[in-house]
Amino acid sequence: QVQLVESGGGLVQTGGSLRLSCAASGITFSMYTMGWFRQAPGKEREFVAAISWRSGHTNYSGSVKGRFTISRDNAKATVHLQMNSLEPGDTAVYYCAANRGGSRYSMINDYTVWGQGSQVTVSS
């Protein structure tokens, strides 16, 4: 069974940090580019960060670059998103997604496997 399970969301104050994790099963994890997306109420789902399957190259949206860090552990089939200096504008449901052999990091439609989402709320 193909599955992505996120964990680590929660409530944090402005300036705080959270670390999201996503555990994959049922896929050859090392063959997948892994991405994080988020969706705020009333808004479309948007790209946050991705890490490639081959080189470990990372890519970030402009709004999180310098504050968020994506990493992966192929041995544990896990991807993480370290979020620092959080702002109220980061409040959203965060989704982990997998894209087999993908190189177009921010293209949401290229991702074929999705997690259920994890709520992140940043209070002012």
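Because the structure is a prediction, the values reported are computed rather than measured.
Tyr94 places no side-chain N or O within donor-acceptor distance of the main-chain N or O of Gln39, the cut-off being under 3.5 Å. A donor-acceptor pair under 3.5 Å is absent between the side-chain atoms of Gln3 and the main chain of Ser25, judged by distance alone. When atom types are taken as modelled, the side chain of Thr112 and the backbone of Asn99 share no donor-acceptor pair closer than 3.5 angstrom. Listed for the Glu6 side chain is no donor-acceptor partner under 3.5 Å among the backbone atoms of Ser118.
Rounding to the nearest 0.5 Å gives a distance of 10.0 Å between CE of Met34 and CD1 of Ile51. Interatomic distance, Glu87 CD to Arg67 CZ, rounded to the nearest 0.5 Å: 4.0 Å. Atoms CG and CZ, on Asn84 and Arg19 in that order, are 11.0 Å from each other to the nearest 0.5 Å. Separating the CG atom in Leu11 from the OG1 atom in Thr91 is a distance of 8.5 Å, to the nearest 0.5 Å. A distance of 9.0 Å separates CZ of Phe68 from CG of Leu18, quoted to the nearest 0.5 Å. Taking CD from Gln82 and OG from Ser21, the interatomic distance works out to 9.5 Å, rounded to the nearest 0.5 Å.
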Dump the intermediate steps for side-chain contact (heavy atoms from CB on, under 4.5 Å) on Leu81 and Val48, then the final yes or no.
-> CA-CA 10 Å; Leu81 184 68; Val48 175; 4.2 Å; yes
Note to self: Using side-chain contact (heavy atoms from CB on, under 4.5 Å), reason through Leu4 and Gln116 one step at a time and then give a plain yes or no.
What the structure shows: CA-CA 8 Å; Leu4 299 177; Gln116 82 288 352; over 6 Å; no
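Hydrophobic cluster membership is shared by Met31 and Val79, with clusters built from Ile, Leu, Val, Met, Phe, Trp and Tyr side chains linked at under 4.5 angstrom. In terms of hydrophobic clustering, with Ile, Leu, Val, Met, Phe, Trp and Tyr side chains grouped at heavy-atom distances under 4.5 Å, Leu86 and Ile70 are assigned to a common cluster.
For Ser61, the side chain to side chain contact (heavy atoms under 4.5 Å, CB included) partners two or more places apart in sequence, or in a different chain, are Phe47, Ser63, Val64. Trp114 pairs by the side chain to side chain contact (heavy atoms under 4.5 Å, CB included) definition with Phe37, Arg45, Tyr95, Ala97, Ile108, Tyr111, not counting sequence neighbours.
Under the side-chain contact (heavy atoms from CB on, under 4.5 Å) rule, Gln13 has a single partner from Ser124, Ser123, Pro88, which is Ser123.
His80 and Ser71 share no side-chain donor-acceptor pair at under 3.5 Å. Counted by atom type alone, Ser30 and Asn74 present zero donor-acceptor pairs between their side chains at under 3.5 Å.
Contact of the Leu20 side chain with the Trp36 side chain is registered, since non-hydrogen atoms from C-beta on lie closer than 4.5 Å. For the pair Lys76/Phe29, no side-chain contact is recorded, criterion being any heavy-atom separation below 4.5 Å from C-beta on.
Geometrically, Arg72 does not engage Tyr32 in a cation-pi contact defined by less than 6.0 Å to the ring centre and at most 45° from the axis.
Heavy-atom minimum distance, Arg38 versus Ala92: CB-CB, 3.8 Å. The minimum heavy-atom distance between Ile27 and Ala98, with the atom names listed, is CD1-CB, 4.3 Å.
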